[in-house]
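Written out below as C-alpha cells is the structure these notes cover.
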Amino acid sequence: MLRDLPEHQNTERPPHGAAPSLHVQLNDIHKQFGRFTALAGIHLDIRQGEFVSLLGPSGCGKTTLLRILAGLEHADRGQIMLHQRDITRLPPAERDYGIVFQSYALFPNLTVAANIAYGLKGRREDRQRRVDELLDLIGLAGIASKYPAQLSGGQQQRVALARALATSPSLLLLDEPLSALDAQVREHLRHEIKQLQRKLGVTTIMVTHDQEEALTMADRVVVMNHGVIEQIGSPETIYRKPATRFVADFVGQCNWLSGTVLSPGYFRLGNAAIAAHSLAHHPTGRQVEVFLRPEDVILHPRWEAGPNMALGELKQLELLGSQYRMTLQVADWGGITLQADLNHHQLASLNFRDGQRIPVQLPANCLQCFSTEHSE
Ligand code: ATP
C-alpha cells in the first residue's frame, strides 16, 4: 500500500506554514467488471490544491478510478471522502467537480458562451459576467458567439476547460484532455492548463497514458498497472527512483543488465566486475537485474583506465530531435547491447567515426537494482 505523501511540491501552501489539508481520500477502492478486476484496492490521499496524475497503460483502470470519483461509476467496495465527508453514495451533481473529457464534448448547437454557461444558475447578467471572466482566463475573449465547429481542437478543449471551471468547483477532473490534439498544441496547452491550475489553486486529477504529460504537469504521479498502484511520487522520484521494474520501463527508457552479485557492491557482467552502489547490501550469488537510463551512460573521447569501463562497438546512431540515441555492443560485458543518449554538442566533441570502438563507462551511483529473487 502506497499512501504516504512525502513529496508534495505545490508552492501554494496555506499561511503560517501549515500543511495543505487533505482534499480527496480514496480508501480501498475495488471494481469488478464481470470476472475482470479493474481496480484491486486503491488507496490514495490528495491534498488541497495538488495536481495529481494517474498514469498507466491502456486498461490499467485509471479512467475507471476517475469515473468512480466522479460518481459516473460505482465502486464494489471502498470509500471516497471529500474534505472528510463521505461522498461514496452521492450522485455526480452533488460532488462539486468539473470534468473535461478527451473528446471535447461540447454541445455543437450551442455557442461558446452558451456552452460555458450551461451549468450556471442565477441572473442573466451574472452568468454573462462569469462567461466573460472565463473566456478571459482561457485567453479566448472574442469567440463567445462562435460555435464549436468553428474552433480548432485546442480552442474547443480550452472551452471545455472553461465550462468545467464555470461553477468554481473545488475539484477538476481531466480524462486524457490533450490526447486528441496534435503534438504542438498539446505541448502548449500543457503549460496553459498547469499555469491555470496553479493560479486557481484547484485540486486537479488528470488521467493520462502519456508519461511526458504526467511528468511535466503533475505535482505527484500515481503509476497504475493491472488495477493496482505501483508507485506514488514526485515526477523526479518516479523517473529517477522507480520502485518497480514496471515503473522503470513505463516511465522512460532503460538499459537492463542481468548479472550475479560477486561481493557487496559488485556484480558480474560477462567477464567484468561492475561496481553498483545499489548492491551494497545484496548477498553474494544473488541474481540481479540492474538498470541504467540511456542518458546516464558515459562515453569518453579516448580510452583511459577507470571503474566500469569497456569498449563498445557502435551499432546504430539515431536522431531523436533534440538528442541522439546510440546503440553500442560491449563484448567484455557479455555482448550486451547498451543505449546511450547524448546531445548534439556531446556528439560533436566526441568526434566518432563509423565502426569505431567507443570507451563506455557505467556510473556506479546510477546503476539501480531490482532483485530477481524478491521484490524490492
Ligand atoms: P484507457 O487509457 O485505454 O482508457 P484505462 O487505464 O483508463 O485505459 P479503464 O478504462 O479504466 O482503463 O478500463 C480498465 C479495464 O476495465 C479495461 O480492461 C476495460 O476494458 C474494462 N472496462 C472498463 N469499463 C468497463 C465496462 N463498463 N464493462 C466492462 N469492462 C470495462
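Atoms within each ligand, like the ligands themselves, are counted from 1 in listed order.
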- Identity and distance of the protein heavy atom lying nearest atom 3 (O) of ligand 1: S58 OG, 2.6 Å

- Query: Where is the nearest protein heavy atom to atom 16 (O) of ligand 1: which residue, which atom, and how far?
  - Reply: F36 CE2, 3.4 Å

- Message: My question is simple, although I want it checked carefully: is atom 19 (C) of ligand 1 less than 4.0 angstrom from any protein heavy atom?
- Response: no

- To the nearest 0.1 Å, how far is atom 2 (O) of ligand 1 from its closest protein heavy atom, and which atom is that? K62 NZ, 2.9 Å

- Query: Who's the nearest protein heavy-atom neighbour of atom 13 (O) of ligand 1, and how far?
  - Reply: T64 OG1, 3.6 Å

- Message: Among L55, L39, T63, N225, which one puts a heavy atom closest to atom 10 (O) of ligand 1?
- Response: T63

- Message: For the 3.5 Å polar cut-off, considering only N or O atoms, please tell me whether G61 and ligand 1 meet it.
- Response: yes

- Say whether E73, considering both its backbone and side-chain N or O atoms, lies within less than 3.5 Å of an N or O atom on ligand 1. no

- Item | Heavy-atom nearest neighbour in the protein, as seen from atom 21 (C) of ligand 1, with distance rounded to 0.1 Å | F33 CD1, 3.9 Å

- Message: Pairing donors with acceptors under 3.5 angstrom, does anything connect the side chains of D86 and T88?
- Response: yes

- W333 six-ring face occupied by R268 cation (under 6.0 Å, within 45°): no

- Task: Please work out whether any backbone atom (N, CA, C, O) or any side-chain heavy atom from C-beta onward of E176 is under 4.0 Å from ligand 1, and answer side chain, backbone, both or neither.
- Result: side chain

- S278 side chain to A276 main-chain N or O, any donor-acceptor pair under 3.5 Å? no

- Message: In terms of relative ring orientation, are F107 and Y118 parallel, tilted or perpendicular, with 30° and 60° separating the classes?
- Response: tilted

- Quick one: does G59 get an N or O within less than 3.5 Å of an N or O on ligand 1? yes

- Residues R123 and D126 bridged, charged N to O under 4.0 Å: yes

